[in-house]
Amino acid sequence: MCKYIIPLALMLITSSSAIAQKNYKSESDDLYAFNDTLKNKKGEILKEVIVTSNQQKTPVTIGKSGIKPMDLPQTASVISQATLQNQQVNSITDILKNTNGVYIMGNTGGYQEEIASRGYQLGSSNTFKNGVRYFNGMPIETSGLEKVEFLKGSAAILYGNVTAGGIVNFITKKPKLDYGADVSVGLGSFDSYKTTFDVYGAIGISKKVAFRMNGSNTQANSFRDGVSSETKYINPSLLINFTNKTSLLVEADYIKDRRTPDFGAGIINYQLVNLPRSRFVGVSWSYIKSEQASFTTTLKHQLSDNWDLSFVNSIRYYKTDLFANTRPNSPITSMQLNGDWTRGLQRSEAKDNYWYQEVNVRGKFKTWSLNHQLLLGIDTDDYKTVTLASTYKNPDKSYRNEYDVINIFTTDLSTARQDIPNMDKVSLTTAPIKRVGAFVQDLISINKYFKALAGIRYSYQDTENNVLTYAVVNPTPKPETNVNTHQYDDAFTPRLGLVFQPNENHTVFASYATSFVPNSGLDYYTREALKPSIIRQYEIGIKNQLFQERLFANLTLYQIENNNLAQTSLIDPTYKELAGGTKSKGVEIDLVANPVKGLSVLAGYSFNEIKYTASNIYIVGSQILYMPKNTANLNFNYIFSEGKLKGLNLGLINNYIGVRYAGRSTNLTTPTDPRKPVRLPEYFQTDATASYKFHQLTFRGKISNIFDVLSYNVHDDNSVNPIAPTNYSLTVNYSF
């Protein structure tokens with residue numbers, strides 16, 4: 001294994017052997033407990049709520065069922081608000097430094113942090129905000145987050161068409177019945193400036209209505225010359241407690257972002273380009289503008305002591321406008337060995353309307369000697385996405401997409417072409433998707449030692465795709481075409497789990513679940529729409545809470561199989577067939593401890609290997625790209641709660657990402673195919689944080705990437721982005 005794992009393992013052993021302090025409990029997720037959970041009164045220091053992993057007292061809300069973590073035959077973790085605040089997170093990358101096995105697999109154009117887990121990408125279908133799907137093709141604002149939840153492995157029974165690796169749920173700050181407010185001003189490296197505000201309290205003397213409003217504004221340049229960004233965010237919410245049994249939560253969320261897209265310098269002959277980390281080679285006037293707004297209502301009603309009902313209704317809208325150079329290594333604009341690069345142009349404008357509804361009924365009851373914890377649910381999704389793609393046709397270059405030619409090593413970009421030409425429409429794609437699902441799940445307590453979780457979901461999906469291709473005048477005239485496809489998919493996704501608990505502090509579990517992936521195109525053999533790929537997951541694990549909850553130690557092993565992966569037919573490339581297969585297997589270790597008073601330690605290690613087990617295109621046994629085999633984290637946080645240093649908080653964040661391979665897998669159907677994987681170096685990154693609270697003022701500082709390590713995030717072989725060098729941030733916060 002790599003040189004970093006041995007010292008990391010020693011630190012894990014050291015940290016887990018000095019347990020002496022009881023872990024703090026996290027606040028309840030119940031809407032009815034919003035009233036005063038944290039008691040965040042003027043001048044008080046909140047008790048720390050450390051990162052928890054499989055051991056938090058309250059269930060993850062993304063699990064819907066309310067099952068206690070020790071009873072759940074699945075791996076889950078929660079990053080608390082205190083941890084987000086202590087670590088001064090500003091991105092998903094920062095958040096994932098607390099979750100081994102969940103990592104960034106790419107960073108397309110510098111504006112999309114692509115999340116992956118257990119060898120599978122977690123796209124927008126697997127990304128949620130307050131339990132509703134969230135478009136993750138743009139940056140997310142972290143200042144409005146209350147906590148972040150991860151549910152690893154299959155979640156298809158609860159959410160239908162989701163990737164097998166897991167799901168992530170960003171939970172925003174909720175209303176409080178205590179009055180309070182705070183404002184902060186921050187600055188940092190690369191001319192970054194950020195202001196935030198947060199105000200909350202009760203409305204009226206009855207204290208049945210509470211509100212909250214938080215927002216931020218961020219402006220920054222970058223360690224990349226000529227790259228900048230600006231983000232505006234606001235998150236209002238309102239809670240109405242009609243009675244002790246009925247509440248309504250109304251939440252809105254709006255973010256607007258504009259930044260310079262940066263696809264990096266690309267790859268030459270499938271080798272990373274040795275350029276200064278600061279060098280930007282895109283067109284100077286390029287931009288990507290993103291905007292996303294959502295409005296969600298959650299109605300909860302307690303039917304009785306053992307039964308409750310919830311109804312969620314949400315609408316979401318986003319639009320993006322990308323106008324930039326094409327990515328390096330596209331078919332026409334590949335880089336030459338000497339660094340010459342023909343820059344093309346691209347423009348893509350997308351709009352999406354999304355509507356989501358969900359009804360869940362939860363209940364506890366008993367049949368004979370068996371105790372049941374039942375969950376019934378129905379949900380529906382309705383998307384409509386419209387995308388307009390445009391390109392540049394240079395009349396001086398036979399109407400090819402050639403804007404100019406630069407040399408990435410020598411050209412002074414201030415002398416390069418600067419005008420913004422007109423673009424020609426290429427295609428208009430309209431892609432409505434309708435989904436509906438119904439599920440039932442029951443946790444059965446057989447006796448005090450054994451529990452069984454069983455459930456099944458039926459999902460139906462209607463996918464339509466209409467592509468209008470505009471007429472081409474030059475160089476070869478082509479008429480306008482309109483192609484419409486319609487596909488119907490359905491699938492049953494069962495789930496079965498067994499739990500053995502010798503006592504309340506130990507759990508041994510095993511589970512089996514399936515998920516499905518819809519496929520486009522026609523089956524070569526049946527000439528009908530290709531059936532969905534069914535993915536099977538097997539998971540076993542041990543959960544432990546030791547030394548009166550002073551140490552939490554968990555071990556999970558899993559295997560995920562896709563034995564009918566869709567691939568292009570070798571007989572007729574216009575068709576596809578379910579001829580491929582993949583297998584992902586791994587192990588995850590999580591440790592959380594309080595060795596001494598005020599000190600919290602979080603550590604974890606993950607090993608994952610995902611390979612092709614069958615393929616008519618790629619080498620069987622070859623590693624699937626972008627997925628590191630090894631990831632690990634070791635984080636410390638210490639709060640001085642007494643003495644002259646009372647109010648001082650110190651943190652150290654250590655994160656390891658192992659060797660990954662980007663580029664392209666070798667294509668066996670093309671004997672002369674030059675494509676091959678590109679090795680990305682492993683790296684161990686260390687960040688340090690410090691804060692000091694004095695009465696109502698809090699001063700925070702952070703140094704990221706202390707040792708200035710260098711590695712890259714790569715999307716395919718055409719968006720190569722180096723990680724940020726050593727940088728700092730300083731923030732002053734005032735609480736009212």
Side-chain angles (χ1 to χ4, degrees), residues 26 28-34 54-74 76 131 149 151 153-160 241-249 298-313 357-380 436-459 492-514 539 543 545:
S26 61
S28 172
D29 292 313
D30 196 331
L31 281 176
Y32 306 115
F34 281 149
N54 294 325
Q55 70 282 335
Q56 64 277 2
K57 285 301 179 183
T58 55
V60 291
T61 56
I62 197 72
K64 293 186 181 182
S65 57
I67 296 176
K68 297 177 181 178
M70 293 294 285
D71 293 343
L72 183 66
Q74 190 169 5
E149 302 177 333
L151 192 61
S154 177
I157 188 173
L158 301 177
Y159 294 96
N241 289 318
F242 296 107
T243 67
N244 291 333
K245 294 184 176 181
T246 305
S247 68
L248 175 67
L249 177 64
T298 304
L299 179 65
K300 289 192 173 185
H301 179 66
Q302 195 75 27
L303 298 170
S304 66
D305 291 340
N306 293 321
W307 290 88
D308 64 70
L309 171 72
S310 65
F311 173 66
V312 178
N313 185 78
Q357 285 189 312
E358 168 189 295
V359 179
N360 292 319
V361 178
R362 301 188 305 181
K364 296 180 180 179
F365 63 97
K366 189 172 183 178
T367 58
W368 297 284
S369 61
L370 302 179
N371 290 311
H372 299 264
Q373 190 168 339
L374 185 68
L375 172 67
L376 300 168
I378 299 175
D379 51 55
T380 178
V436 63
F439 61 91
V440 57
Q441 176 182 277
D442 190 12
L443 176 67
I444 305 171
S445 299
I446 301 170
N447 53 43
K448 67 177 183 178
Y449 301 112
F450 290 96
K451 295 181 174 68
L453 179 67
I456 192 168
R457 176 189 180 95
Y458 173 75
S459 297
F492 286 96
T493 49
R495 177 184 190 180
L496 177 64
L498 298 175
V499 175
F500 170 62
Q501 295 174 328
N503 56 55
E504 64 180 6
N505 296 316
H506 303 280
T507 292
V508 180
F509 71 88
S511 67
Y512 166 80
T514 68
E539 185 172 350
K543 303 179 183 182
Q545 48 188 30

Peer 1: Kindly determine whether Gln373 and Ser65 satisfy side-chain hydrogen bond (donor to acceptor under 3.5 Å, both in side chains), including the steps that lead there.
Peer 2: CA-CA 8 Å; Gln373 190 168 339; Ser65 57; 5.4 Å; no

Peer 1: With no hydrogens and no angle check, do the side chains of Asp308 and Gln302 hold a donor and an acceptor under 3.5 Å apart?
Peer 2: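 Their side chains do not contain a donor-acceptor pair, so the 3.5 Å distance test is not met.
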
Peer 1: How long is the gap from CG on Leu496 to CD on Gln441, to the nearest 0.5 Å?
Peer 2: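 Going from the CG atom of Leu496 to the CD atom of Gln441 covers 11.0 Å.
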
Peer 1: Show your working on side-chain contact (heavy atoms from CB on, under 4.5 Å) between Phe439 and Asp379 and close with a plain yes or no.
Peer 2: CA-CA 9 Å; Phe439 61 91; Asp379 51 55; 3.8 Å; yes

Peer 1: Can you tell me which residue among Asn371, Asn306, Asp305, Leu374 is in a side chain to side chain contact (heavy atoms under 4.5 Å, CB included) with Lys364?
Peer 2: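 That would be Asn306; it is the only one of Asn371, Asn306, Asp305, Leu374 passing the side chain to side chain contact (heavy atoms under 4.5 Å, CB included) with Lys364.
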
Peer 1: Would you give the length of the straight line joining atom CG of Asp71 to atom NZ of Lys451, rounded to the nearest 0.5 angstrom?
Peer 2: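 So the gap between those two atoms works out to 4.5 Å.
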
Peer 1: Do Leu453 and Val499 come within less than 4.5 Å of each other through their side chains, counting heavy atoms only?
Peer 2: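 Of all side-chain heavy-atom pairs linking Val499 with Leu453, none is under 4.5 Å.
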
Peer 1: Angle class for the Phe500/Phe450 ring planes (parallel below 30°, perpendicular above 60°, tilted otherwise)?
Peer 2: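 Tilted.
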
Peer 1: Kindly determine whether Tyr159 and Lys64 satisfy side-chain contact (heavy atoms from CB on, under 4.5 Å), including the steps that lead there.
Peer 2: CA-CA 10 Å; Tyr159 294 96; Lys64 293 186 181 182; 3.4 Å; yes

Peer 1: Is there a side-chain contact between Leu299 and Thr246, using heavy atoms and a 4.5 Å cut-off?
Peer 2: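 With C-beta onward as the side chain, the pair touches.
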
Peer 1: Among Val361, Leu443, Ile67, Asn360, find the residue that satisfies the side chain to side chain contact (heavy atoms under 4.5 Å, CB included) test when tested with Leu375.
Peer 2: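 Considering Val361, Leu443, Ile67, Asn360, a side chain to side chain contact (heavy atoms under 4.5 Å, CB included) with Leu375 is found only for Asn360.
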
Peer 1: In Å and rounded to the nearest 0.5 Å, what is the CG to CG distance from Leu370 to Asp442?
Peer 2: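 Reported value, rounded in 0.5 Å steps: 9.5 Å.
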
Peer 1: Nearest heavy-atom pair of Gly455 and Ile157: which atoms, and what distance?
Peer 2: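 In this case the closest contact between Gly455 and Ile157 is C-CD1, 3.3 Å.
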
Peer 1: If you compare all heavy atoms of Lys300 against all heavy atoms of Ser310, which two are closest, and at what distance to 0.1 Å?
Peer 2: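 So the minimum-distance heavy-atom pair works out to CG-CB, 4.1 Å.
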
Peer 1: Does atom OH (Tyr449) have a neighbourhood of more than 12 heavy atoms from anything else shown, all under 6.0 Å?
Peer 2: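 No, the 6.0 Å shell around OH holds no more than 12 heavy atoms from other groups.
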
Peer 1: Could you pull out the closest heavy-atom pair between Ala452 and Leu498, with the gap in Å?
Peer 2: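 Shortest heavy-atom contact: CB-CD2, 4.0 Å.
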
Peer 1: Would you call the rings of Tyr458 and Phe492 parallel, tilted or perpendicular, taking 30° and 60° as the class edges?
Peer 2: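 Tilted, since the angle between the ring planes falls between 30° and 60°.
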
Peer 1: Looking only at heavy atoms, what is the nearest atom pair of Gly497 and Pro73, with distance?
Peer 2: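 Shortest heavy-atom separation between Gly497 and Pro73 comes out as CA-CG, 4.0 Å.
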
Peer 1: Drop me the distance from Gln74's CD to Phe509's CZ, to the nearest 0.5 angstrom.
Peer 2: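 Between atom CD of Gln74 and atom CZ of Phe509 there are 8.0 Å.
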
Peer 1: Strictly distance-based, threshold 3.5 Å: is any side-chain N or O of Glu358 a donor or acceptor partner for the main-chain N or O of Gly131?
Peer 2: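 Judged by distance alone, no pair lies under 3.5 Å.
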
Peer 1: CD/Glu504 to CE/Met70 distance, rounded to the nearest 0.5 angstrom?
Peer 2: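 Taking CD in Glu504 and CE in Met70, the distance rounds to 8.5 Å.
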
Peer 1: Examine distances only and state if a side-chain atom of Glu149 and a backbone atom of Val60 form a donor-acceptor pair shorter than 3.5 Å.
Peer 2: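 Between the backbone of Val60 and the side chain of Glu149 there is no qualifying donor-acceptor contact (under 3.5 Å).
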
Peer 1: Around atom CD1 of Ile378, are there more than 12 heavy atoms from other residues, nucleotides or ligands closer than 6.0 Å?
Peer 2: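 Open: at most 12 neighbouring heavy atoms sit under 6.0 Å from CD1 of Ile378.
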
Peer 1: For the side chain to side chain contact (heavy atoms under 4.5 Å, CB included) test, which of Val440, Thr493, Thr514 pairs with Arg457?
Peer 2: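 One option only clears the test, and that one is Thr493.
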
Peer 1: What's the spacing between Leu72 CG and Ser511 OG if we round to 0.5 Å?
Peer 2: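 Answer rounded to 0.5 Å: 8.5 Å.
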
